[in-house]
Amino acid sequence: MLDKTFDHASVEQSLYAGWERAGAFAAGQAPGAPYTIMIPPPNVTGVLHMGHALTFTLQDALIRWRRMQGRDALWQPGTDHAGIATQMVVERELAGEQTSRQKLGREAFLERVWQWKAQSGGAITQQLRRLGASLDWQRERFTLDEGLSRAVREVFVTLHEQGLIYRDRRLVNWDPKLQSAISDLEVESQEVRGSVWHIRYPVEGDDGLHLTVATTRPETLLGDTAVAVHPDDPRYAALVGRHVVLPLTGRRVPVVADTYSDPEKGTGAVKITPAHDFNDFAVGQRHGLPMPSILDRQARITLAEVELHAVSGLADPDFTRTLEGQGREAARAAVVAELDRLGLLERTEPNTHQVPHGDRSGVVIEPLLTEQWYCDAKTLAGPAVAAVEQGRITFVPKQWENTFFAWMRDIQPWCISRQLWWGHRIPAWYGPGGSVFVARTQAEAEAQAAARYGAPAALEQDPDVLDTWFSSGLWPFSTLGWPERTPELARHYPSDVLVTGFDIIFFWVARMMMMGLHFMGDVPFRHVVIHGLVRDERGQKMSKSKGNVIDPLSLVDQYGADALRFAVCQLTGPGRDIKLGAARVAEARSFVTKLWNAARFCEMNGVAPVSGFDPAGVRAPLCRWLLDAANQAVAEADAALEAFRFDDYAGACYRFTWNVFCDWFVELAKPVLMGADGPERDELRATAAHVLGTVLRLLHPAAPFVTEALWEAFGYGEALSLIRAPWPTACTVSGAAAARDELGWVIRFVTAVRTVRAEMNVPPALKAPVLLRDASPQTAARAQAWLDAATRLGRVSEVGVAPASVPAGCAQIVLDEATLLLPLAGLIDLDAERARLSRERARATDDLEKVRRKLDNADFVARAKADVVDENRERARAAEREVTRLDAALARLG
RNA sequence: GGGCGCGUAGCACAGCGGUAGUGCACUACCUUGACAUGGUAGGGGUCACAGGUUCAAUCCCUGUCGCGCCCACCA
C-alpha cells in the first residue's frame with residue numbers, strides 16, 4: 001500500500017537516474033514531427049538559481065508535454081564558457097594565491113581555467129537533473145567544444161569575407177578593471193553624485209577675456225582639442241575661429257561652431273576631448289581635430305600624446321607632469337585644486353548624473369580610442385526585424401516585439417573583440433607590416449601570406465578572443481553540427497520555442513536571429529517566450545547583498561522538485577515577474593500530497609486500470625460526469641500550454657484534481673465503493689482508474705516525479721513509462737449533458753443543505769430529513785437516487801414529501817422549482833431563519849432589480865445583442881420565481 | 001528626455017465590454033474509515049483617481065497620481 005505521504009527525497013533521484021539510463025530523454029525515438037527547444041546555455045561554472053529553476057521548469061513542461069504527444073522532442077542541453085564571468089572567477093582565485101594571469105602567462109592561465117571548468121563544470125548539469133529537466137544529455141555541448149569552435153571560425157571568416165566583420169579604430173567602451181573592450185550592452189548607467197566645474201579658458205591674444213566651459217570631468221582638459229559653441233549662439237559668435245589657451249598644458253585650441261553644443265546646457269560652450277567622449281569624438285571627426293589620449297588602459301593619466309607649454313599663470317609643466325600615472329579620481333582632484341589656485345575655477349556646482357559602469361566589473365567605463373573587431377550588426381539586423389514583422393517569429397507576450405524593434409532599428413556596430421584570454425581566439429593572423437590574414441586555420445593563413453609575399457612569412461595570431469555572445473548566437477545551429485549538414489540540423493532547425501528572460505533579448509535572442517537567418521537562411525525559432533524575473537515573496541529582486549536569495553535546491557530538498565515546479569507553473573502568468581517564497585512551494589507540496597492521497601484512496605478501494613476499458617460504454621451518471629469533466633480539463637490544459645499559459649495549465653490541473661476528483665467524485669463514489677460487489681462498482685472502479693490515469697498524464701509535465709511514481713504503482717504501464725505515455729485526448733462520453741445536469745443538481749442540493757445547516761448551527765452529528773415541496777418528478781427521483789450521498793455529505797436522514805401544512809421549526813431552501821424543508825424543531829431559531837430567508841430574498845430582489853433596470857431600458861433591448869437580451873430575460877424570470885418562492889417560504893414561517 | 005508594464009478582497013494573482021473570481025490568510029464548525037499538508041460553511045472588493053466612448057466599462061480611449069523596468073544622456 002502507498003505510504004501516507006509522498007516521500008520525494010527517497011524516489012526523485014532514482015526515478016531520474018532510471019529515465020536517464022533508459023534513454024527516455026533522447027530525441028530521435030518518436031515517429032512524430034520534431035519539436036525542439038534549445039536550452040539557454042547556463043554558465044558552465046555557474047550554480048542553479050531561481051531564475052534557472054523558473055526557465056527550465058517551463059521548458060521541461062513544454063518538452064514533456066510534446067514528447068507525450070508523440071513528437072520527436074529534443075531539448076538540447078549545453079553550457080556556455082561565459083568569457084568574462086569565468087575569467088574573473090579564476091583571476092580572483094589567483095589573486096588569493098598572490099599571483100595573476102599575467103604572471104602565469106596565457107597558456108598556464110588557460111590550463112588553470114580548464115581545470116576550474118573540469119572541477120565545477122558538472123555542478124549545474126547535476127542540479128538540472130535534480131529539477132527533473134529532461135534534457136537529451138547525450139547531446140550536451142559546450143561553447144568551447146571543437147565542433148562549436150569550428151562553427152565560430154567558419155562564421156567569423158565568412159562574415160569577414162562578406163565585409164560584415166571588419167577591424168576599425170574608434171572609441172570603444174573600455175573597462176579599465178578587465179582591461180578589455182566591452183560592447184554597448186555590457187555598459188550600465190548608474191547614478192553618481194559629482195560636481196560640475198566651471199573653468200575659464202583664456203582667449204588667446206586678448207588679455208582678460210576668457211571663455212567658461214562647464215564639465216564634470218575637469219581632468220580630461222588635458223586632452224581637449226577644441227571648444228565648441230553653437231553656430232547660432234550670439235554670445236560666442238565673435239569667438240568662433242579664434243583660439244583659447246588650455247590651462248595646465250598651455251596648448252592653443254580652436255573655438256569651433258558645432259550644433260552638438262547646446263546653448264541651454266552648462267555655459268553653452270563645451271570642451272571637446274575627442275579621445276574620451278563619444279560625442280566629442282564625432283565633433284572631432286567633423287572638424288578634423290587631433291585626438292590625443294590622456295588615459296592609459298588602466299585609466300591612469302598619460303601625457304605621452306600631450307604637448308606641454310609653460311604659460312605663466314596658466315600652465316606649469318612641472319605641476320602637470322605630476323599627474324602622470326595618477327588615477328582618474330586623484331587626477332581630477334589635483335586638476336581642480338590647481339585650477340582653483342590659478343584662479344581659473346569660476347564655480348563648482350553639485351551635480352547628479354548617470355555614469356556608465358561595466359556590468360561585470362562595476363567600475364566606471366572609459367571611452368578609449370583603440371583598434372577592435374566589429375560586426376556590422378545593422379546589415380544582419382534587417383532580416384531579423386523582417387522576420388518578426390512578418391510573424392515568422394512571434395514574441396510572447398507580443399509586447400516585447402516593440403522593445404526588440406526599437407533596439408534593432410537603431411542598432412550600432414557590435415564590438416566583438418575582447419582583450420581576454422578565455423574564449424574563442426580570433427582567427428586572424430598578422431604578418432609583416434601589419435597585414436591581416438583572416439582564416440579558418442593557421443595553415444590557411446600561412447598559405448594566404450605565402451601567396452601574397454611569394455614566400456612563407458612569420459605570422460602571429462590576434463591575441464584577442466571573441467565576445468561570449470558571438471558563440472552563443474550560433475547555438476541553435478552550432479549545437480546541431482553546423483557547418484556540417486547533419487541529419488539533426490535538417491530535423492531540428494528551426495527550433496520551435498525559445499524560453500528566456502527579457503534581460504537577454506538583445507544579448508542573445510537578437511543575435512541568434514541575426515546569425516540564424518544569415519547562415520541558415522531561416523529563423524532559429526518560431527516563438528520567443530519571455531518570462532519575468534523571480535523575486536522574493538516581498539517582490540524584492542534577489543541579491544546576495546540583500547541576503548534574500550533563495551536556493552532552489554534547498555526548496556527541492558525540503559518540498560520536492562514537483563512542488564517547486566508546480567509552484568513555478570502556477571505563478572507564471574504572461575510576462576510578469578513572479579514572487580516566489582517557501583510558502584508558495586509549501587502550498588504546491590500540499591497539492592502533491594492531495595494527489596498522492598487521492599491515489600491512495602483509489603488504491604484502498606480496488607481502483608486499478610482495466611484493460612480494454614471503454615469510456616463510451618459507461619452508464620452511471622457519476623462516471624459519465626467525471627469523464628466529461630476530465631475531457632474539459634484536458635482541453636483546458638492543452639489550450640493553456642499551446643498559449644504558454646503555465647498558470648492556466650496548472651490551474652486546470654489543480655481544479656480538476658482537487659475540486660472535481662477529490663471534493664465531489666471521491667465523496668460521491670464512496671457509497672458505491674463501500675457498497676456491494678457488482679457491475680456498478682466495477683464500472684466505477686474502472687472509470688476512476690481511467691481518470692486517475694488521465695490526471696497523472698496531465699500533471700506529468702509539471703510534476704514528473706510523483707506522477708511517474710504513481711503511474712508505476714498502479715501498473716498503468718511498465719516502470720518509467722509515463723514519460724512517454726500518450727498525452728490524454730478527449731474521450732467519447734454518452735449522455736454527457738444529462739450527466740452534467742444531474743450531478744450539477746446533486747452538488748447544488750448538497751451544498752444548499754450544508755449551507756443552511758451551518759448557518760443554523762445544526763450539530764453535524766444530527767441527521768435530518770429533507771421534505772420536498774413543489775418538486776418535479778425528476779427532482780423527487782434524483783433526491784431518492786442520491787440519498788446515500790446526501791446522507792454522507794449533507795447529513796440527510798431521509799427524503800420525503802412535505803405535508804400541506806409546514807411543521808413548526810422548519811428551515812426552507814429554494815432550489816430551482818422546488819422548496820426543501822428541513823424540519824429541525826428545537827434547533828431552528830424562528831427569527832434567525834426569518835432573517836436568513838429575508839437576506840436571501842434581498843439578494844434575489846437586488847438581482848431582479850438590476851436585470852429589470854436593464855430590460856426597462858429601450859436602448860438596451862434595441863441595441864444589445866439578442867442573446868444577451870434573452871439571457872437577461874431568463875435571469876429576470878428565474879429571479880422572479882425565486883423571490884416568489886422565498887416569499888412563500890417566509891409566509892409559511894408566519 | 002523617449003518607451004514599456006503594473007495598480008482588482010489583508011496578501012499573491014486571474015479576468016478584460018454584458019450577474020467581480022481563484023489560492024493563501026481570516027471567522028465558525030468538524031478526530032465523517034484517502035488526506036488536519038484535511039473537510040464544511042461564512043465574512044471581506046465604490047476593480048488607483050478623474051473625464052470620455054457605449055444601451056452597458058474593472059475591461060476600450062484620454063488625462064492624473066503611485067510603483068517597477070528598458071533605452072538615451074558624464075556640459
Side-chain angles (χ1 to χ4, degrees), chain A residues 2 4-6 189 192 194 196-198 213-217 220 228 261-262 264-271 276-279 351 353-356 364 367 397 399-400 402-403 406-407 410 502-503 505-506 532-533 537-539 541 559 563 570-571 573 575-581 583-584 586-587 589-605 645 647-648 651 654-655 659 662-663 666-667 670 674 750-751 754-759 761-765 792-795 846-847 850-851 854 857-865 867-869 871-872 875 879:
Chain A
L2 294 174
K4 211 167 168 184
T5 55
F6 173 57
S189 288
V192 167
V196 180
W197 287 274
H198 292 247
V213 298
T215 180
T216 57
R217 302 206 54 189
T220 62
S261 176
D262 181 350
E264 306 286 309
K265 277 165 131 181
T267 62
V270 59
K271 62 194 275 309
H276 297 288
D277 180 285
F278 289 97
N279 291 313
N351 177 45
H353 55 143
Q354 298 288 322
V355 179
V364 174
Q399 202 47 57
W400 288 106
N402 291 331
T403 307
W407 187 69
D410 185 36
F502 55 81
D503 48 334
I505 290 178
F506 305 146
L533 228 58
E537 53 269 83
R538 295 208 309 276
K541 217 166 169 172
Y559 303 104
Q570 280 182 301
L571 293 170
R576 261 208 176 200
D577 285 353
I578 72 171
K579 295 177 193 168
L580 184 67
R584 285 277 105 89
E587 283 161 25
R589 195 256 315 257
S590 297
F591 174 66
V592 170
T593 305
K594 188 74 179 177
L595 170 70
W596 181 263
N597 276 293
R600 189 160 172 266
F601 171 85
C602 288
E603 188 196 37
M604 293 167 90
N605 286 280
R645 285 299 303 260
D647 52 345
D648 287 345
Y654 184 100
R655 283 190 301 275
N659 304 124
C662 294
D663 289 350
V666 163
E667 295 306 328
K670 278 177 181 173
M674 287 158 189
V750 169
T751 304
R754 281 168 166 173
T755 301
V756 169
R757 291 181 58 113
E759 287 195 5
N761 292 313
V762 178
R792 285 188 72 87
L793 305 181
R795 321 297 294 161
D846 278 357
D847 197 34
K850 258 194 265 183
V851 180
K854 268 192 187 181
N857 181 342
D859 282 333
F860 172 73
V861 178
R863 298 185 192 221
K865 278 177 289 185
D867 54 332
V868 173
V869 176
E871 190 190 310
N872 276 277
R875 258 175 62 201

In whole angstrom, what separates [X]'s [atom1] from [N]'s [atom2]?
| X | N | atom1 | atom2 | answer |
| --- | --- | --- | --- | --- |
| Lys850(A) | A56(B) | NZ | C1' | 13 Å |
| Asp577(A) | C70(B) | CG | P | 10 Å |
| Tyr654(A) | U22(B) | OH | C1' | 9 Å |
| Arg584(A) | U22(B) | CZ | C1' | 11 Å |

Over all strands shown, is [X] touching base, sugar-phosphate only, or nothing at heavy-atom distances under 4.0 angstrom?
| X | answer |
| --- | --- |
| Val213(A) | nothing |
| Asp262(A) | base |
| Asp647(A) | nothing |
| Asn857(A) | sugar-phosphate |

Quiz prompt | Parallel, tilted or perpendicular: rings of Trp400(A) and Phe502(A) (30°, 60°) | solution = parallel
Quiz item: For RNA chain B, what string of dots and brackets results from 5' to 3' when Watson-Crick and G-U pairs need both distances under 3.5 Å, crossing pairs get [ ], and pairs with another strand get |?
Solution: ((((((((.[[[[.)..(..]]]].(((((.......))))).....[[[[[..)....]]]]])))))))....
Quiz prompt | Per-nucleotide protein contact string for nucleotides 33-41 of chain B (B base, S sugar-phosphate only, - none; heavy atom under 4.0 Å) | solution = BBBSBSSSS
Quiz item: Does Gln354(A) place a side-chain N or O at less than 4.0 Å from the phosphate oxygens OP1/OP2 of C73(B)?
Solution: no
Quiz item: Within the pair Arg863(A) and G18(B), is there a side-chain N or O less than 4.0 Å away from OP1 or OP2?
Solution: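 No, Arg863(A) has no side-chain N/O under 4.0 Å of OP1/OP2 on G18(B).
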Quiz item: For the side chain of Asn279(A), counting heavy atoms from C-beta on, which of C73(B), G7(B), G15(B) is nearest?
Solution: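 The nucleotide sitting nearest to the side chain is C73(B).
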Practice problem: Evaluate the side-chain proximity of Lys265(A) to Val270(A): yes if any heavy-atom separation is below 4.5 Å, no if none is. | Solution: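 SC-SC contact between Val270(A) and Lys265(A) ruled out.
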Self-check item: Non-hydrogen side-chain atoms of Met674(A) and Asn605(A) separated by less than 4.5 Å
Solution: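 The answer is yes, as the side chains (C-beta and beyond) meet within the 4.5 Å cut-off.
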Exercise. Take Ser189(A) and Arg645(A), find for each the nucleotide of RNA chain B with the closest heavy atom, and name the residue whose nucleotide sits nearer the 5' end.
Key: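 Of the two residues, Arg645(A) wins.
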Quiz item: Is any side-chain N of the basic residue among Glu603(A) and Arg600(A) closer than 4.0 Å to the acidic one's carboxylate O?
Solution: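 Looking at Arg600(A) together with Glu603(A), the answer is no, because their closest N to O distance does not fall below 4.0 Å.
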Self-check item: Donor-acceptor pair under 3.5 Å, Thr403(A) side chain vs C71(B) base
Solution: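 Checked by distance alone, the answer is no.
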Self-check item: Check: Asp577(A) side chain, Leu533(A) main-chain N or O, donor-acceptor pair, under 3.5 Å
Solution: yes
